[in-house]
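Naming convention: chains lettered A, B, ... in sequence-line order (proteins, then strands); numbering from 1 in each chain.
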There are 2 protein chains.
Amino acid sequence: MATIYDVSLLAGVSLATVSRVVNNTGKVSDKTRQKVHDAMAQLDYRPNTIAQSLASNRSNSVGVLVSQLDGPFYGPLMREIESVLRSANKHVIIAAGHSDAAQEKEAVEFLLSRGCDALIVDAEIVTNDYLRELCQGKTPVVLINRHVEGIADRCVHLDNLKGGLLASRHVLEFGHSRIAYISGPLFKLDARERLQGHKQALAEHGLAFDEALFFEGDFREEGGYEGMATLLDSGEPFSAVVCANDQMASGAIALCLERGLRVPEEISFVGFDDIPFPRYISPKLTTVSNPIQDMGHMAANWVLKEVYGQSDIEFNHKFEPQLVVRESVQRALG
Amino acid sequence: MATIYDVSLLAGVSLATVSRVVNNTGKVSDKTRQKVHDAMAQLDYRPNTIAQSLASNRSNSVGVLVSQLDGPFYGPLMREIESVLRSANKHVIIAAGHSDAAQEKEAVEFLLSRGCDALIVDAEIVTNDYLRELCQGKTPVVLINRHVEGIADRCVHLDNLKGGLLASRHVLEFGHSRIAYISGPLFKLDARERLQGHKQALAEHGLAFDEALFFEGDFREEGGYEGMATLLDSGEPFSAVVCANDQMASGAIALCLERGLRVPEEISFVGFDDIPFPRYISPKLTTVSNPIQDMGHMAANWVLKEVYGQSDIEFNHKFEPQLVVRESVQRALG
DNA sequence: GTTAAAAATGAAAGCGCTTACATTAATCTA
DNA sequence: TAGATTAATGTAAGCGCTTTCATTTTTAAC
């Protein structure tokens, strides 16, 4: 592999000049530039990005921490981030936190030691204090899906409370009053916020929150399935189920269909996130949109702007969920 | 950030010695090692991986190229790769090819120039010649989801033909004879191989392949939905649909349900890949398993073994699909 | 107590690039 | 046309680490 030195030799110029044309910095005469380009082409020269990073103290890479690499939620987020960054010729190092404090921290360390110019972090478990300290460091950090006091200007997040409100209000307005709730794991902030929205909606309609109609799931199909079974088996009557995400809603609906319950005729369902798949089940799932891609877009552009001076997007911290009415909620009987 | 030099100063030893204890190479007396460890701890020293890479010509990073970052198929693949590699303290740089030749090549260039120690490549579009040449290079490469003559020892792939055979045989054995086929995009090898399996199964049963019952989709829900509409609207009779992947099957089933067709009573369906979601629709989708995670595991371990000398897994090139019988196929009437 | 072998350590030359600064060439001004 | 600007190029010192090779220290052998 040819080095910059080989190029300078062949072109008959100095290292500095080659570097200038490679990076398009400083003044270079057209004639010289051409010579250098020719030499680069002839040698099939490609800069060693590692050496560039070391010398310039810039890695042109940004670290992304998500809790999982797969799933309908993080996939689109990463896709959006990668796409924005790549079109600016930056690239992405991805690490997974697996919803574990130690792994999240280790991943951050890792990305930092890898010389990332910035971090986009979707941390579920680590404490606010840890994140505040992280933001103190010299590597710029954006937080996704999390609102942390004191560093609000670094957070891109969804108004989960409002989302929860929207979902539950919808079924309430359809006349349901016995409403089961399948929650996400409560160690996750968004799960707690959505639940809070639900409770608030209940209160608005003068209804008390009933522990017997509550199940703490895992944000996955399995949890919804299991939660639905538990709820049904408890014997408590209810006519609608609000699920803290679409995956659990899908699992819950699957169980209902297995047991021969008709949806939405006998039980209504609302989800959360508006992931693609449940649009293809029957009934099509009524849900609350989560503009995760927009948030990824925003985070990536923030990095472009703050770190590379390349974007002039206006920073928007808080994204609004919206109710997406489809077919899984029906008016309560009686 | 403390450098190795600071550590050497504080510990009162040379750079070389610090490097030795950091990398656990060469001989170092216990006493010295302890001094160095103390100094590192005191300074909160963490090696600069970029400098390490430059000096050692080893980046401890492996590049992964997939066609998409999201979706039910690539997510688990990446998860598995990241997990294996990370537990060996390597890390992953991910790039997306977006099913476009130029982008795939650019991504490979990018990963190469980034100094990856190895590449795991799921390339859909670039030619076999390109891949053969790539494998010639000094960076070791494993190919996933693709079988290329001449470099078969670098390929980890699924027996798609057999999978296609399994799927179609299943409906054939249930007595169907008018079988529609919704294919993946034919520029993709796996789509072609699966189709070939279908044709072969047809031939085994003395049936001719009928163009009128064929639709070329896109491996996404939309394509299945659209394909189903086209097929239905064509007026050609058929009692079963074989889909080249589960996503298209889901889209196709969704359309049927919209039109009030009962599945599987009126139309039977088989999918391919066995992704999680369609297990939660009704009817549960009969499909063919695609051990994508196993393949990712294998590819990652190959890298560990060949590049880092760390694994002693036995290399398995070809993975076998299996029929997963659920509820979406019913005996043909008459 | 020598001497040879082994173990521990250090000196220093890179790895391929960037960049401040110095130098030289070209252009302008009066 | 001398002197002052400005443009173009080159020199060389790093960036933080690894690694070869030489040197010193310790241990072993007799």
Side-chain angles (χ1 to χ4, degrees), chain A residues 1-40 43-61 89 112-117 138-139 308, chain B residues 1-40 43-61 89 109-110 112-117 138-139 308:
Chain A
M1 180 101 287
T3 72
I4 198 174
Y5 180 72
D6 302 322
V7 175
S8 78
L9 235 45
L10 182 58
V13 300
S14 72
L15 294 182
T17 300
V18 178
S19 179
R20 286 187 192 103
V21 353
V22 168
N23 296 295
N24 207 20
T25 63
K27 314 259 178 194
V28 181
S29 72
D30 290 349
K31 205 180 62 189
T32 313
R33 185 187 313 279
Q34 192 53 53
K35 278 195 300 188
V36 173
H37 276 139
D38 290 348
M40 292 198 302
L43 295 170
D44 188 25
Y45 169 73
R46 278 165 305 163
N48 177 320
T49 57
I50 303 225
Q52 285 181 316
S53 297
L54 183 58
S56 66
N57 205 25
R58 258 286 151 93
S59 66
N60 285 317
S61 70
N89 220 7
L112 248 22
S113 80
R114 195 57 215 171
C116 291
D117 297 333
K138 70 182 259 277
T139 305
Y308 302 113
Chain B
M1 181 99 285
T3 72
I4 197 173
Y5 180 73
D6 303 323
V7 175
S8 78
L9 235 47
L10 182 59
V13 299
S14 71
L15 294 182
T17 300
V18 178
S19 178
R20 286 186 192 102
V21 352
V22 168
N23 297 293
N24 206 20
T25 64
K27 316 258 178 194
V28 181
S29 72
D30 290 348
K31 204 180 62 189
T32 312
R33 184 186 315 280
Q34 193 53 53
K35 277 195 301 186
V36 173
H37 275 140
D38 291 348
M40 292 199 300
L43 295 170
D44 188 25
Y45 168 73
R46 278 165 306 162
N48 177 320
T49 57
I50 304 225
Q52 286 181 315
S53 297
L54 184 59
S56 66
N57 205 24
R58 257 288 155 90
S59 65
N60 285 319
S61 69
N89 220 7
E109 288 297 303
F110 170 68
L112 249 21
S113 80
R114 194 58 214 172
C116 292
D117 297 333
K138 69 183 257 281
T139 304
Y308 301 113

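Phosphate contact (OP1/OP2 of D/dT19, side-chain N/O of B/S19, threshold under 4.0 Å): absent. At the phosphate of C/dG10, OP1 or OP2 sits under 4.0 Å from a side-chain N or O atom of B/S14.
In this structure, CZ on B/R33 lies 10.5 Å from OG1 on B/T17, to the nearest 0.5 angstrom.
Remark: C1' of C/dC21 and CG of A/L15 are 16 Å apart, rounded to the nearest angstrom. Distance A/K31 NZ to D/dT9 C1': 12 Å, rounded to the nearest Å. Nucleotide C/dT19 holds its P atom 13 Å from the CG atom of A/N24, rounded to whole Å. Separating the CG atom of A/L54 from the P atom of D/dT18 is a distance of 12 Å, rounded to the nearest angstrom. In this structure, B/N57 atom CG and D/dT19 atom P are separated by 10 Å, rounded to whole Å. Following rounding to the nearest Å, B/K27 (NZ) and D/dT23 (P) show an atom-to-atom distance of 21 Å. Distance, B/I50 CD1 to D/dG16 P: 11 Å, rounded to whole Å. Rounded to whole angstrom, the span from the OH atom of A/Y5 across to the P atom of C/dG16 amounts to 12 Å.
In terms of position along DNA chain D, the nucleotide closest to B/Q52 lies nearer the 5' end than the nucleotide closest to the other residue of the pair B/R20 and B/Q52. Nearer the 5' end of DNA chain C, as judged by each residue's closest nucleotide, is the contact made by B/V28, out of B/A51 and B/V28.
Proximity note for B/A55 (side chain, C-beta onward) versus C/dT9, D/dT18, C/dC17: the nearest is D/dT18. Picking from D/dT11, C/dT18, C/dG10 the nucleotide with the shortest atom distance to the side chain of B/A16 gives C/dG10.
Contacts of A/V13 with the nucleic acid, taken as non-hydrogen atoms under 4.0 Å apart, involve only primed sugar atoms and P, OP1 or OP2. Nucleic acid contact class of B/S56 (heavy atoms, under 4.0 Å, all strands): sugar-phosphate only. Contact annotation for B/T17: backbone-only contact, meaning every heavy-atom pair under 4.0 Å involves sugar-phosphate atoms and none involves a base.
By the neighbour-count criterion of 12 heavy atoms within 6.0 Å, atom CG of B/D38 is densely surrounded, having more than that number from other residues, nucleotides or ligands.
Listed here is the closest heavy atom pair of A/T3 and A/D6: N-OD2, 2.8 Å. Shown here for A/Y45 and A/I4, the closest heavy-atom pair between the two residues is CE1-N, 3.4 Å.
Of the possible polar contacts, none joining the A/S19 side chain to the A/L15 backbone as a donor-acceptor pair under 3.5 Å is found.
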